[in-house]
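Heads up: the structure comes next, in structure tokens.
The figures that follow rest on heavy atoms only: side chains count, while hydrogens, waters and symmetry mates do not.
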Amino acid sequence: MDINRYSPSYGVSRKHMIDIAGFSTEEIFEILYATKAVKAKFAAHEDTRILKGVTVALLFGDTSLRTRSALEIGIRQLGGVCVNLPYSENDMRAGENVKDIVNVISRYGVGALVTRGIEQKELEEFCAVSEISIINSTNEQGIPLQTLCDLFTVWEKRGKLEGLKIAYVGKGTNNAASLVTGAIKCGMEVCVATPAEFAISKSLLDNARQYGSVTVTENPAEAVRGADIVYTDSYNYHSSVSEAEKKILLPYQVNNSLMSYAAHNALFMHSLPAKRGVEVTEDVIDGKNSLVLEQGENKLHTIKSVLALLIK
């Protein structure tokens with residue numbers, strides 16, 4: 001489906017977002033069009049306080065910089081209030097009940113709960129009992145907000161999605177799994193190159209293949225050949241990369257040599273944080289065809305559009 005031939009209604013019927021697989025192509029397009037509108041209003045300094053009086057709670061099980069910043073700033077720009085809830089595995093092991101958590105905070109006037117680092121099974125339990133919106137920013141299954149941000153950035157820069165080839169190279173992270181699914185749903189050609197030791201999980205790939213074809217290879221040059229976009233991700237976000245991992249992943253480093261296999265003026269993408277000299281070289285990530293700053297900027301607008309559409 002061509003996004004440029006789609007007529008948006010600027011609304012979705014869903015209340016929760018826990019993964020990109022749960023959203024149809026049309027629903028993804030609705031969010032991307034809403035992001036475009038929100039960004040235009042931001043640039044024009046228009047009043048967008050559509051969540052005035054709404055409180056959004058953040059329940060983060062691990063650390064974050066850009067996502068937390070974009071959420072807190074975005075909620076404020078929408079006229080809402082952001083509160084951070086303390087979370088620890090000790091609380092859950094001590095007897096905290098998912099149903100009790102969401103039902104109590106909804107009585108505090110909270111309109112949505114945005115989570116990070118909460119396991120998929122637990123998130124599904126949240127959604128089953130919650131009267132308020134549950135939005136997953138990141139967990140072991142995927143990063144839906146990042147994927148929507150990335151799709152919007154590609155559309156913004158290339159003017160289309162359908163027919164473009166995107167190559168993901170490196171470690172098969174949860175980000176990669178979300179990206180593959182979202183790109184396929186938008187009609188993009190998807191090729192993945194990871195070492196066998198760090199492949200995207202078969203179950204996640206099988207789920208993505210419900211919506212289209214995914215080429216998987218261990219050869220990074222083969223994956224990148226003719227690609228319009230080359231994407232990689234951090235190998236280890238919260239810990240250092242071992243020497244053994246570096247050796248296995250070295251052939252997958254995105255550098256000028258690998259980029260030479262891509263299409264002329266191919267774009268480079270990375271969700272950040274990045275380790276220059278590890279998964280990508282400095283000349284690529286800081287080069288003229290890198291979209292990392294645009295991705296970071298667009299995370300704010302994507303998050304605002306998701307909140308605006310999902311909070312009822």
Contact summary for [X] and [Y], nearest pair of heavy atoms:
X	Y	result
Ala227	Ala167	CB-CB, 3.9 Å
Leu151	Cys186	CD1-SG, 3.9 Å
Ile248	Pro195	CG2-CB, 3.7 Å
Ile143	Ser178	N-OG, 2.7 Å
Cys149	Thr302	CA-OG1, 3.4 Å
Met188	Leu161	CG-O, 3.2 Å

**OP:** Show the numbers, then the answer: is there a side-chain hydrogen bond (donor to acceptor under 3.5 Å, both in side chains) between Glu131 and Asn103?
**Re:** CA-CA 7 Å; Glu131 295 182 1; Asn103 285 339; over 6 Å; no
Side-chain donor-acceptor pair present, [X], [Y], cut-off under 3.5 Å:
X	Y	value
Glu279	His270	yes
Thr194	Lys171	no
Asn175	Tyr168	no
Gln120	Asn139	yes

Does some side-chain heavy atom of [Y] sit less than 4.5 Å from a side-chain heavy atom of [X]?
X	Y	value
Asn84	Glu72	yes
Val284	Asn256	yes
Ile20	Ile28	yes
Leu267	Arg158	yes
Ile229	Val154	yes
Leu58	Arg68	yes
Val306	Ile31	yes
Tyr235	Lys275	no

field: Chi angles and distances behind the side-chain hydrogen bond (donor to acceptor under 3.5 Å, both in side chains) call for Glu30, Tyr6
entry: CA-CA 9 Å; Glu30 289 289 343; Tyr6 181 78; 2.7 Å; yes
When clusters are formed by joining ILVMFWY residues with side-chain heavy atoms under 4.5 Å apart, either directly or through shared neighbours, do [X] and [Y] land in the same one?
X	Y	result
Ile303	Ile135	yes
Leu148	Tyr231	yes
Val292	Val278	yes
Met17	Ile134	no
Leu272	Val169	yes

* May I ask you to check whether Tyr33 and Trp155 place their ring centers less than 6.0 Å from one another? => yes
Under 4.0 Å between a Lys/Arg side-chain N and an Asp/Glu carboxylate O for [X] and [Y]?
X	Y	result
Lys36	Glu156	no
Glu124	Lys121	no
Arg276	Asp286	yes
Asp62	Arg116	yes

Is the [atom1] atom of [X] crowded by more than 12 outside heavy atoms at less than 6.0 Å?
X	atom1	answer
Phe198	CZ	yes
Gln210	CD	yes
Glu282	CD	no
Arg49	CZ	no

Can any side-chain N or O of [X] pair as donor or acceptor with the backbone N or O of [Y] at less than 3.5 Å?
X	Y	answer
Glu189	Leu164	no
Thr181	Ala177	yes
Ser305	Ala34	no
Thr215	Cys191	no
Gln141	Asp19	no
Lys185	Phe23	yes
Lys202	Ala199	no
Thr232	Gly170	no
Ser130	Ile132	yes
Ser137	Thr115	yes

Which value, rounded to the nearest 0.5 Å, describes the distance between [X] atom [atom1] and [Y] atom [atom2]?
X	Y	atom1	atom2	result
Thr173	Glu140	OG1	CD	13.0 Å
Asn136	Leu123	CG	CG	5.0 Å
Ser271	Asp233	OG	CG	4.0 Å
Lys160	Arg5	NZ	CZ	12.0 Å
Lys288	Asp283	NZ	CG	12.5 Å
Ile184	Tyr211	CD1	OH	10.0 Å

(Q) Walk me through whether Val81 and Val56 qualify under side chain to side chain contact (heavy atoms under 4.5 Å, CB included). (A) CA-CA 6 Å; Val81 176; Val56 179; over 6 Å; no
Consider side-chain contact (heavy atoms from CB on, under 4.5 Å). Of [options], which one does [X] pass it with?
X	options	result
Val230	Lys165, Met269, Met259	Met259
Glu243	Lys246, Lys247, Glu245	Lys246
Ile200	Val214, Leu179, Val192	Val192

Mind checking who shares a hydrophobic cluster with Ile73, ILVMFWY linked at side-chain heavy-atom distances under 4.5 Å?
->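 Other cluster members: Phe42, Leu300.
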Contacts satisfying ring-ring contact (aromatic ring centres under 6.0 Å, His included) that involve residues 53-76 (not counting sequence neighbours) are none
Test Glu297 against Lys39 for salt bridge (Lys or Arg N to Asp or Glu O under 4.0 Å), laying out the working first. CA-CA 10 Å; Glu297 176 188 355; Lys39 185 171 182 177; 3.8 Å; yes
